[in-house]
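Here's the structure we're looking at; comments come further down.
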Amino acid sequence: MLQAYSAAAVRAAEQPLLSAGRGPELMRTAAHGLAMGVVSVLRSRGKGIYGANVVLLVGSGNNGGDALYAGAHLAARGARTTALLTSARTHPEALAAFGKSGGRCLVLGADGAPVSFMDEARQSDVVIDGLLGTGGSGGLREPVAGVVAQLAEFAGDGPAVVACDLPSGVDATTGEVHGPVLSADLTVTFGAHKTGLLSAPGEQSAGTVALVGLGIGQQLGPPELSRLEAGDLAAFLPQPSAAAHKYTRGVAGVIAGSVQYPGAGLLAVAAASACGPGMVRYLGPEQVAAAIYVRNPEVVCSQNSPDEVRVQAWLAGPGIDGDQAQLDLAAAAIASGLPTVVDAAALALVQPATQAATNEHLILTPHAGELSALLARCGVLVSRAQIEASPLAAARQAAALLGAVVLLKGPTTIVAAPNGAVFTQANGTARLATAGSGDTLAGILVALLAMSAGPIDLARTAALAAALHGQLAQTDVEQPINAGLLAARIPAVWAELSQKR
């Protein structure tokens, strides 16, 4: 399981080593890892170190020192290296090592970078971003910001970008982005993964993230957030025991779809059934049930109320907009006390937790606009755009105020629990941004809840569902995809993940 930490936690963990005089050792370790990251990018582009053209953006302090030492390593092996010094407080030992190895330095002026540097950068193979580290805040200022904005225009057909510790302008702790940011193809981060590199929107500017260990693991303490990796998915996906039967394998209850929006019910039920629970029960209109029988004849459909049937978990909400009978069923499921996935229209039924009422059995699955409405009911006015700019903070706040697990959908899915636990998953791609994809995710999640044996970790199960849902977009990547195709992919993807146990 990947674990990430705030910038403050990483700095605190490094401090005993720095106090012991091991700062130069840590910097050289970091710089060597950064240089190896550059080498890996060069090789991925069919190039070697000798004769490669590498430019460095060098800030003050240790981040600039890391970049310069890495540049020195590359220059000593035949790369042409040019550094743009953006501060008079450049790390002196690293600067000396860079010059001794043959690196060339240019100085940023008040009017911006020298023309020769921009020409060099345009023709380079790799740009190393060593401007701001974990101590940076508020983004880049002029004239550095102008240089980065110009370099960002090269994106696509220009040089590869390797970020030193994190892309400059990405907040290491929150994931917020203060532009302009030079989006990286590779981020080589040091000591520990930073929460901002595993949260939107910062993750979308970081590219692939590689960790260079500095031996601080024992000093880090509890993580700020976790991420399930392939081995975790294999371990946590439920598998039936030899003695299992349809009731012990879990019964998932689904309240979704309406005469106006039947598709949401079909998609959610299909996804739930494809995960292999013992049974899926559907409560809803006869017209939707008839369509479900055509696609999934194994599903048990009825017009009962939730207190008249036996299930282990409920899904309530997809496609029930405007259908009062379905909304009433959703309210009953929410009040049942069973683990319940609350999605779409049913989110409007959730109220802030009080001493008299608890939401601890609920998993809410909003997108940013729906989360804005949920927070408004808690007296917190925050726009969709503000949530998208800082989704980690918004999800945490909502979980605390509502007393429920919140799964906030987005390019990085964020799962926040009232106890402070956070997971993030980024297994999917933009291919999943289609109508009905969220209904499929909801169906997967209710099935996993129903199939769970023993005490259920709601947050981890929500992260597991998000990860499995994301993996559905990783197969047949050349083919178009829509939500109707997703459920059929679940068994094969499940089997592939299970083989990694």
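Please read these numbers as outputs of a predicted model, since none were measured by experiment. FYI, side chains are in, hydrogens and waters are out, and symmetry mates aren't considered; it's all heavy atoms of this structure.
Annotation: side-chain hydrogen bond (donor to acceptor under 3.5 Å, both in side chains) contacts of Ser452 (sequence neighbours excluded): none. Residues satisfying the side-chain hydrogen bond (donor to acceptor under 3.5 Å, both in side chains) criterion with Glu14, sequence neighbours excluded, are absent altogether. Every residue two or more places apart in sequence or in another chain was checked for a side-chain hydrogen bond (donor to acceptor under 3.5 Å, both in side chains) with Gln150, and none qualifies. Contacts of His32 classified as ring-ring contact (aromatic ring centres under 6.0 Å, His included), with partners at least two apart in sequence or in another chain: His73. Remark: Asp185 engages no residue in a side-chain hydrogen bond (donor to acceptor under 3.5 Å, both in side chains) (not counting sequence neighbours).
Within the structure, salt bridge (charged side-chain N to carboxylate O under 4.0 Å, His left out) pairs that include any residue of residues 200-220 comprise Glu203-Arg227 (at least two apart or interchain). Listed by first and then second residue, the salt bridge (charged side-chain N to carboxylate O under 4.0 Å, His left out) pairs that reach into residues 394-410 are Glu224-Arg396, Asp343-Lys409, sequence neighbours excluded. Within the structure, salt bridge (charged side-chain N to carboxylate O under 4.0 Å, His left out) pairs that include any residue of residues 363-384 comprise Arg384-Glu388 (at least two apart or interchain). Identified under the salt bridge (charged side-chain N to carboxylate O under 4.0 Å, His left out) test for residues 419-448, with sequence neighbours left out: none.
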Atom pairs and distances, donor-acceptor, side-chain atoms in residues 59-69, under 3.5 Å, two or more places apart:
| from | atom 1 | to | atom 2 | distance (Å) |
| --- | --- | --- | --- | --- |
| Asn63 | ND2 | Leu132 | O | 3.0 |
| Asn63 | ND2 | Cys164 | O | 3.4 |
| Tyr69 | OH | Arg28 | NH2 | 3.4 |

Between side-chain atoms of residues 490-498 and protein atoms elsewhere (two or more places apart, or another chain), which donor-acceptor pairs fall under 3.5 Å?
| from | atom 1 | to | atom 2 | distance (Å) |
| --- | --- | --- | --- | --- |
| Ser498 | OG | Gln239 | NE2 | 3.1 |
| Ser498 | OG | Trp494 | O | 2.9 |

Which atom pairs, one a donor and one an acceptor, fall under 3.5 Å between side chains of residues 228-237 and the rest of the protein, sequence neighbours left out?
| from | atom 1 | to | atom 2 | distance (Å) |
| --- | --- | --- | --- | --- |
| Glu229 | OE1 | Leu2 | N | 3.4 |
| Asp232 | OD2 | Met1 | N | 3.2 |
| Asp232 | OD2 | Glu229 | N | 2.8 |

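Between Leu34 and Ala70, the closest heavy-atom pair is CD2-CB, 3.7 Å.
Side-chain contact check for Lys194 and Thr189: at least one donor-acceptor pair (N or O, by modelled atom type) lies under 3.5 Å.
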